[in-house]
Amino acid sequence: MLDINLLRNHFEEVEKALASRNEEFDLSRFHELDETRRNLLAEVEALKNKKNVASREVGVRKKNGQDCADIFEEMKELSAVIKEYDAKVSEADAALQEYMLTLPNIPNPTVPQGKSDEDNVEIRRYGEPTAFAFEPKAHWDLGAALGILDPETAAKITGTRFHVYRGPGARLERAITNFFLDTHTEKHGYTEVFPPFMVSRDSMTGTGQLPKFEEDAYKVTGDGKEYFLVPTAEVPVTNMYRNQILSGSDLPIMHCAYTACFRAEAGSAGRDTRGLIRQHQFNKVELVKFTRPEQSYDELEKLTRDAEDVLQMLGLPYRVVKICMGDLGFTAAMKYDIEVWMPSYGRYVEISSCSNFEEFQARRANIKYRDNVKEKARYVHTLNGSGVAVGRTTAAILENFQQEDGSVVIPEVLRPYMGMDVIPAK
RNA sequence: GGAGAUGUACUCAAGUGGUCGUAAGAGGUCGCACUCGAAAUGCGAUAGGUCCGCAAGGGCGCGUGGGUUCGACUCCCACCAUCUCCGCCA
């Protein structure tokens with residue numbers, strides 16, 4: 001959510017800053033909604049003041065044993081009017097609030113101009129695209145040949161865009177997950193949390209998935225309650241601190257978390273239909289930080305490096321791109337994508353997104369900090385990034401480390417977790 | 001599933017229908033004394049959400065939402081959360 005005072009006092013700048021975003025929103029309604037609310041508020045507050053003054057008078061008169069009938073008469077009427085006004089105010093309040101939730105974040109000035117992902121700017125590369133002395137297979141063909149990836153059975157028990165992993169495939173997914181978590185906790189200093197996979201509507205709103213992207217989320221009901229399956233651990237982990245004032249000495253707070261992630265992928269019909277790249281349910285280890293505003297861009301660099309590090313340790317070639325205006329998500333002020341080399345696609349494929357949301361989520365979720373109780377609390381900056389997507393890592397390992405005979409060599413660092421050096425061909 | 005209790009500022013906590021929520025008290029924070037230094041102790045000081053307003057000032061805020069009343073932290077109802085006991089299941 002944007003700072004409402006920024007819109008009031010620097011409307012043109014905001015308008016300009018949001019102009020190159022590839023999002024639909026309507027700034028023109030702001031002034032009307034804001035003024036309606038403020039005018040109503042001024043009126044009702046004047047009435048309430050009158051009521052409070054009269055109430056105090058009653059207290060005084062009662063003490064002196066005086067009669068209050070005239071005040072009661074007058075107040076009875078006034079109370080009814082106030083009640084009407086209150087209803088109007090909360091209506092205007094809700095309208096403004098709802099509207100504010102539809103406005104995207106203001107991009108950082110250093111975000112490159114551009115319309116689509118084709119305009120993202122490559123920052124650096126690690127390794128070279130894997131060269132093969134034979135015709136490499138796609139991971140879905142490899143997975144089928146090795147008997148470790150089974151989308152057909154998943155389709156039978158659930159539907160499309162799901163996978164059953166079998167034997168070494170299941171083990172590989174689990175090995176990668178544990179390797180990521182261990183590395184981020186032991187080497188990079190994150191504190192692991194294991195949150196619920198279902199969250200409330202408030203949590204989804206706090207991180208910005210709602211109200212705009214409801215069609216992308218899975219809703220679960222039962223016991224008369226409504227929950228959402230987490231689309232990313234960002235949601236439960238960021239909301240751990242919702243409505244809290246953190247102590248400045250605790251910052252930066254750094255968490256890593258494994259969750260399954262659930263996405264409806266509405267609007268992606270026909271894309272990436274084969275393999276592990278685009279699933280309704282996938283595994284991910286997420287990195288989440290809460291920082292002081294002045295630290296957040298340094299912390300974004302570090303977070304991105306932490307995500308890159310696990311790919312380096314695995315020996316996977318990747319590149320880092322800086323996301324341009326048109327491709328920046330609704331909530332991010334700046335974002336880097338890490339893209340792993342995927343031989344079957346013949347290009348780099350996103351495996352991590354690392355974003356600084358600045359105050360945008362903190363404002364929605366009401367997360368503040370201060371160093372001393374005497375200080376006014378300020379919004380923290382929130383950041384997160386995949387560290388990294390597990391399913392896509394499985395795909396990348398299968399493809400990049402496949403051998404001519406159809407076997408797959410397990411990266412050194414995973415072997416302790418895998419209990420084997422190579423997934424043998426059948 | 002049954003019975004009961006609790007929910008007030010960063011934390012603990014007093015307050016049971018009226019003019020005290022910049023809310024008693026305490027922790028906390030800061031200063032001074034004591035001390036080689038620290039702890040402990042004593043004395044003193046200090047701050048405390050949010051919205052409207054240029055300001056003066058005002059509104060709201062006692063888990064959330066309703067209701068009763070001229071007036072609600074205080075009474076009633078619903079919901080949420082936490083705790084205790086019983087039952088049930090591992």
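From a predicted model like this one, the values you see are computed outputs, not experimental measurements. No hydrogens, no waters, no symmetry mates; every other heavy atom, side chains included, goes into these values. Numbers restart at 1 for each chain; the letters A, B, ... are given by sequence-line order, proteins then strands.
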Tell me which nucleotide, if any, is Watson-Crick or G-U wobble paired with [N] when both distances must be under 3.5 Å.
N	answer
G57(B)	C52(B)
C73(B)	none
G7(B)	C80(B)
U22(B)	none
C34(B)	none

Lys/Arg cation over aromatic Phe228(A): Lys219(A), 6.0 Å, 45° cone: no

So that I can tick it off, tell me whether [Y] and [X] are bridged by a salt bridge, with the cut-off set at under 4.0 angstrom between side-chain N and carboxylate O.
X	Y	answer
Glu412(A)	Arg415(A)	yes
Asp306(A)	Lys187(A)	no
Glu214(A)	Arg201(A)	yes

What's [X] touching, base or sugar-phosphate or nothing? Going by heavy atoms closer than 4.0 Å.
X	answer
Leu41(A)	sugar-phosphate
Lys62(A)	base
Lys50(A)	nothing
Arg37(A)	sugar-phosphate

How far, in whole Å, is [M] from [N] if one measures between their [atom1] atoms?
N	M	atom1	answer
U46(B)	A24(B)	P	13 Å
U6(B)	U19(B)	P	24 Å
U64(B)	U74(B)	P	11 Å
G17(B)	C62(B)	C1'	15 Å
A23(B)	U16(B)	C1'	15 Å

Give the minimum heavy-atom separation between Asp327(A) and Ser116(A), together with the two atoms involved. CB-C, 4.1 Å

Please classify G25(B) as syn or anti, treating any glycosidic angle within 90° of 0 as syn. anti

For the side chain of Lys76(A), starting at C-beta, report the closest nucleotide among G58(B), G53(B), C70(B). C70(B)

